[in-house]
Amino acid sequence: MDKNKIHQIEQDAKNLWNKYDLYKSEISEKPSYCILDFFPYPSGIGLHVGHTLGYIATDIFARFRRMQGNNVLYAMGFDAFGLPAEQFAIQTNQHPEVTTDNNIRNMKSQLEALSLSHDNDRSFSTTDPKYYKWTQWIFTKLYNSYFNNISQKAEAIDDLREKLNSRKFSIQDNQLIESVNHYTEAEITEAINEMRLAYLDDVNVNWCPMLGTVLSNEEVKDGKSERGNYLVEKRPMKQWMLRITSYGDRLNDQLDKLDWPDNIITMQKNWIGRQEGTKIIFPTEHGDIEIFTTRPETVFGVAYIGISHQHPILEKTEGLEKNRVTDSDENTEKLVGYATHPLTNEQIPIWTTDYVLQEYGTGAVMSVPAHDQRDFEFAKKHNIQFKSVIKATYAWLIENYKGNDVPSSQLLDLWKTNPEKFDSAFDIKGPLFYPMQFEITENISLKKQIKHAIEFIEKAKVGKQITNYRLRDWLFSRQRYWGEPFPIVFDVQNNAYSIHEDCLPVTLPKQYDFKPVLNQENAEPPLAKATDWKTVRGIVMENGSVKTLDDNDPKHPGEQIFTRELNTMPNWAGSCWYYLRYMDPKNDNEILSDTAMKYWSSDNVGSIDMYVGGAEHAVLHLLYARFWHMVMFDLGYVSNPEPFNKLVNPGMMTADAYSDSRGFYVDIEDVKLQDNSAFQISTGEKLNIEPGKMGKRYKNGLDPRKACDMYGIDIFRMHVMYMAPITQSRSWDIKNIKGMERFYRSIDAKISSCIVENHKSTDNIVQLHKTIKFVTDEIENMRYNTALASLIKLNNSIEKYTIEDSIKFIQMLYPFAPHISENLYQTIKTNIQSDIEKYSNVNQDLYNTINCLESLAWPSYDEKMLQENTIKLPVNVNGKVRDILEVDINITDDKIKELVSNSEKVMKYVVSGIKKYMIIRKDKPVIVSIII
RNA sequence: GCCCUCUUGGUGGAAUGGUAGACACAGCAGACUUAAAAUCUGCAGACUUCGGUCGUGCUGGUUCAAGUCCGGCAGAGGGUACCA
């Protein structure tokens, strides 16, 4: 293949599209369609071909939709704030602003190489103050809103103040209840602060000393940071939190309305971890302990209360303070006191345990060793007496009693009196030994048992049914420089205020020491070093926000000195709402205009029609973005309850990685392949070959610019799409690309000859129409590999096209291979226009009024062409095909039987007589099935 | 441990419960060529006594009919965890 010719074709096509501004998307009469890739982070090493999978997929879809008459919103910006960008800057000893700009420029050039049809006027970076102004603005909305549990939505904090001032409502456990309050002014303010969707809290955070910052639960994996894999420890700190748990139910339930892959939905549900259970109060002399259980029917089997090492009651228990250690080397499980069983008044021992987590439930459990395996093991270890309350099954009893001294008929009695003699806990639901304890007199089903136990406990006023979530509130502060500053200031009494809307954005101070303080106790965030920036003059406005004053502003009588919040936001902040900004990227007055929002948003549940990106963000970005969107929805800034309607996860790209004898990976640039072996070019050493995920770690990432340069953009695109279904992971393999080169050469030759010959008819017109129908359907469902296969098949089956039919073929090829398709179309146009007489048979509209191929309407097929008069009808004998008959589509059953009895191939199997004779029809005959 | 996904020729992969292996790569044979490359035309799941037989990880079931639906098992990948 002539590389220069291909590159010329590419350049010509790009110039043409630029000339006609093909990818500008302005609000118009056309129906809108939003297609979106996951927000990319512009990394220092840039993209590899694995990343292109999703980008090519969306580009194909965008081009297809435009050809179908949609106005497509398709753009790409950059998620450039955050830890990785900052770490990269530190490593390369440059300011993050510089590295970020360089990285964005590099990535833009890579995207340019792929020739994606983005509307570049809608691109932006989260680090642009014009963008993060609105990220901060959303934060002020979160700060000035609360979740009204009665209406189940976010409402303005001023409404809450009004409600509390009316005295008709009070607050209990962060819930608004209809009950008279006698709060003082200060108590009302305090209650309001505790209800905000963005609030300050003293929390035990995941502190990462090597990164010098805290991390959210979602960013920590196996006690290590997701970024960098550094050790993470627990440390109490005052931090900004976002009340995502209020949305637990909606985040969980609305998942079912989305067109998302099942596994992502499952992962989100698991992460949210909604669980119905019961809260029961066990009083102690130092105050109540609340426990959470899902098995309230075992409450009479409690042997001890298990609490976490961080449980607050430990602080009140004098002399037990020293038990508050987290050193796991020692055995720290200790008896720390007694609680009263609320139903029996028995004294129940309280133990600190390693297995109860403060972060889940109430940090305390009622331990029922007979019916919970961990409790069982703990009780055995510490010699705690326990009893059983549920009848174990016979099979289980035999299985779990190893002694020979008890006849099997007496095992249940033994279980009743001495459950500790068995090997494990019976943790399945079963009938109770003493149902009368719950005032159960008659037989009720196991299902009703728990429900009844809850009612009993509620009636006794010792507990109640609650819903518990694994999901925690979102820790939103980072002790780093490279993030959005919080739009928050504190007065001298340390009261927090949000910055007035007119004073946004709060920009990051420039040009100073941005490096975090590492490995130091009580280190302040880097912004503390920005002494000029740190404090600001301001006035408290009527709505409670603070208007900040410039150095140039004259002295104001009511002004005070405020200190700025020194933490910054995590990189998830900017990516939580970027998809909305694409709809109205230049708007400085509003986050997005109502007109833009209404025009671009989908008519479905989610604003964005199609969202394409990897499964690695299943619980991070996708959960956070949904939460912000729900708040925006409640406050009336968006009209769809969800952000993303359809979600597609492209598969991963793996590739061979090469390591030397020491086990170090060698960059693929430095590898030469020969006879199935790999050699290092610089040293000549023979290398080991092993597969791995494409990327930095294995040094096996291939720059898409290089692939496009070698093979041409279109050939590369088709090859990548033809490899496998889009959702499937695949290993990078270049040898099959030959097939695509042959395909292109064949098309090029065929169309060129058709232009010269100007055929009056097309060979296999039926196949063409079948393919139009098939390809349309396959692209619609992103089955690009089969769409391409059918185009190849069509090309193989047709030698001669009319000009008009050849254009139909080129159109179908266009979403996959836009440059060569455009080139073929332009060639046809030029030829026709140079000899109008010769081509007088061709519809002039096809070449006179259309500038670019994309402006032609997507080809339609003729339904009549697809109707077949005869079909192939297989004849099965005992499930095996014995003959295939060519029959008329309207053939009668009698006629089929006649044909079958004339078939020697069939009749030689049915000599012994027929048991069953079936002719299966679905609109037309499908199969004949004979059983002998 | 629990949850999810996957398992089809030498390879990547096709198959609304209805002819398994579309399409492509690699391979083989032939044509063209001094030769090679490129191109074109064929052949191609395995076994076979050439009649057929067996074939979608293994195993059982539903069905006239199962790669496809249901149960069990094994292997690979991903997620998650002292979650009460």
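In what follows, chains are A, B, ... by sequence order, proteins preceding strands, each numbered from 1. Quick caveat: nothing in here was measured; it's all calculated off a predicted structure.
- A/Tyr784 has its OH atom 23 Å from the P atom of B/C23, to the nearest Å.
- Picking from B/C23, B/G18, B/A26 the nucleotide with the shortest atom distance to the side chain of A/Lys738 gives B/A26.
- Ranking B/U16, B/C64, B/U80 by closeness to the A/Trp271 side chain, first place goes to B/U80.
- Side-chain atoms of A/Tyr722 and base atoms of B/C23 include a donor and an acceptor less than 3.5 Å apart.
- Contact of A/Thr266 with B/C4 (side chain to base): no donor-acceptor pair of N or O atoms is detected under 3.5 Å.
- Separation of the A/Tyr304 and A/Phe386 ring centroids does not fall under the 6.0 Å cut-off.
- When both distances must be under 3.5 Å, the Watson-Crick or G-U wobble mate of B/C69 is B/G61.
- Protein atom CZ of A/Arg730 is 18 Å distant from nucleotide atom P of B/U11, rounded to whole Å.
- The side-chain heavy atoms of A/Asp656 and A/Met694, taken from C-beta on, include no pair separated by under 4.5 Å.
- Contact annotation: A/Gln728 does not reach the phosphate of B/C6 (side-chain N/O to OP1 or OP2, under 4.0 Å).
- The A/Val365 side chain lies nearest to B/A84 when the options are B/C4, B/A84, B/U39.
- Nucleotides B/A22 and B/A46, compared at atom P, are 13 Å apart to the nearest Å.
- Rounded to whole Å, the distance from CG on A/Asn736 to P on B/G10 is 17 Å.
- Between B/G13, B/U39, B/C23, one nucleotide has an atom nearer to the side chain of A/Asn785 than all others, and that is B/G13.
- Rounding to whole angstrom units, CZ of residue A/Phe743 and C1' of B/A24 are separated by 11 Å.
- For A/Lys916 and B/C64, the NZ to C1' distance is 6 Å, given to the nearest whole Å.
- Residue A/Gln275 places none of its side-chain N or O atoms closer than 4.0 Å to OP1 or OP2 of B/C83.
- Taking atom C1' on both nucleotides, B/G45 is separated from B/A26 by 16 Å, rounded to a whole Å.
- Separating the P atom of B/G57 from that of B/U7 is a span of 8 Å, rounded to the nearest Å.
- You'll find that the side chain of A/Thr786 is closest to B/A15, out of B/A15, B/A26, B/U19.
- In A/Asp262, the CG atom is not crowded: 12 or fewer heavy atoms of neighbouring residues, nucleotides or ligands sit closer than 6.0 Å.
- When each of B/A84, B/C64, B/A22 is scored by its nearest atom to the side-chain atoms of A/Ala789, the top-ranked nucleotide is B/A22.
- With both pairing distances under 3.5 Å, B/A44 is matched to nothing as a Watson-Crick or G-U wobble pair.
- Close to B/A84, at under 4.0 Å from its OP1 or OP2, lies a side-chain N or O of A/Tyr360.
- Atom NZ of A/Lys750 is surrounded by more than 12 heavy atoms from other residues, nucleotides or ligands within 6.0 Å.
- A/Ile280 is listed as a side-chain neighbour of A/Met366, based on a closest heavy-atom distance under 4.5 Å.
- With its glycosidic angle within 90° of 0, B/G51 is assigned syn.
- A sub-4.0 Å separation between OP1 or OP2 of B/A81 and a side-chain N or O of A/Arg470 is present.
- With a 3.5 Å ceiling on both atom-pair distances, the Watson-Crick or G-U wobble partner of B/U80 is B/G1.
- Nucleotide B/C6: paired with B/G75 (Watson-Crick or G-U wobble, both distances less than 3.5 Å).
- For the P atoms, the distance linking B/G27 with B/G21 amounts to 24 Å, nearest Å.
- Considering only side-chain N and O atoms, A/Arg745 lies nowhere under 4.0 angstrom from the phosphate OP1 or OP2 of B/A38.
- When rounded to the nearest whole Å, the span between CD1 of A/Ile726 and P of B/G13 equals 13 Å.
- Looking at the side chain of A/Ile920, the nearest of the listed nucleotides B/U39, B/A20, B/G18 is B/G18.
- Taking the C1' atom of each, B/A76 and B/C58 are spaced 15 Å apart, rounded to whole Å.
- A cation-pi arrangement, defined by a distance under 6.0 Å to the six-membered ring centre and an angle within 45 degrees of its axis, is absent between A/Lys770 and A/Tyr861.
- Taking the side chain of A/Tyr355 as heavy atoms from C-beta on, and the options B/C82, B/A24, B/A38, the nearest nucleotide is B/C82.
- Distance check: A/Ile264 CD1 to A/Lys269 NZ gives 13.5 Å after rounding to the nearest 0.5 Å.
- Distance CE (A/Met723) to P (B/C23): 20 Å, rounded to an integer number of Å.
- Within 4.0 Å (heavy atoms only), A/Val619 reaches no atom of the nucleic acid at all.
- The partner of B/A35, taking Watson-Crick or G-U wobble pairs whose two distances both stay under 3.5 Å, does not exist in any strand shown.
- Anti is the classification of B/G75, since its glycosidic angle lies more than 90° from 0.
- At whole-Å resolution of the value, CG in A/Leu873 and C1' in B/U19 are 11 Å apart.
- The environment of A/Lys380 atom NZ is dense: over 12 non-hydrogen atoms of other residues, nucleotides or ligands sit within 6.0 angstrom.
- The nucleotide whose nearest atom lies closest to any side-chain atom of A/Arg374 is, among B/A24, B/G13, B/C82, B/C82.
- The partner of B/A22, taking Watson-Crick or G-U wobble pairs whose two distances both stay under 3.5 Å, does not exist in any strand shown.
- Minimum atom distance to the side chain of A/Leu357 is reached by B/A84, of the listed B/C23, B/A38, B/A84.
- Put simply, A/Arg742 has no side-chain N or O that comes within less than 4.0 Å of OP1 or OP2 on B/C40.
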